[in-house]
Each structure stands twice: as C-alpha cells, then as structure tokens.
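Working notes, beginning with the structure itself.
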Amino acid sequence: MGVLNGIITAVALVTFIGIVWWAYSRGRAKDNTEASLLPFALPDEDESGKAEEGGEDDSSGPSMKDKKQGDTHE
C-alpha cells in the first residue's frame, strides 16, 4: 500500500510541475498579461455604488413604495 501512495504522490507532483511550467512558459506571456488586465476593464463602481449608498433608485420603473397595496396590474 505504501508503494501505491508513493506512485500517486509522484504522479501528482509531476502533474503540478507540468501545470506550473505550462502557466509560466513564454508562449503564455501574452495571455497572462491580458488576463492580469481584466479587473481594470470593468466599469467603475461609482455610478452603481451611489444608488445603493444613497438609498435612491435610479431605475426608470416604479418602485415598490409607489405601488398601492390593492393595485395588482402592471
């Protein structure tokens, strides 16, 4: 049983080293650079953050407080 554990550990180690080698290879440099810039491609949170913090609703539809309790049509 110890030999089997050693073989599985060796296979896992070789797999890990292979993945690390692939991820840091020169051919992946362009893709890694593009992936590192993805968080900066997102829109700023200033616009959406103001609506949540201020409690104001920027949507064009009616809010729940505008609806009457007995009003069921939309």
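Both backbone and side-chain heavy atoms feed into the values below; hydrogens, waters and symmetry mates do not.
- Cluster annotation: Tyr24 is connected to Phe16 through the hydrophobic network of ILVMFWY side chains, with a link wherever side-chain heavy atoms come within less than 4.5 Å.
- For Ser25, the side chain to side chain contact (heavy atoms under 4.5 Å, CB included) criterion is met by Arg28, not counting sequence neighbours.
- We find the CG-CG distance between Leu37 and Asn32 to be 11.0 Å, quoted to the nearest 0.5 Å.
- The side-chain contact (heavy atoms from CB on, under 4.5 Å) test with Ile17 singles out one residue from Val14, Leu13, Ile19, and that residue is Leu13.
- With a 4.5 Å cut-off on side-chain heavy atoms, Thr15 and Val11 count as touching.
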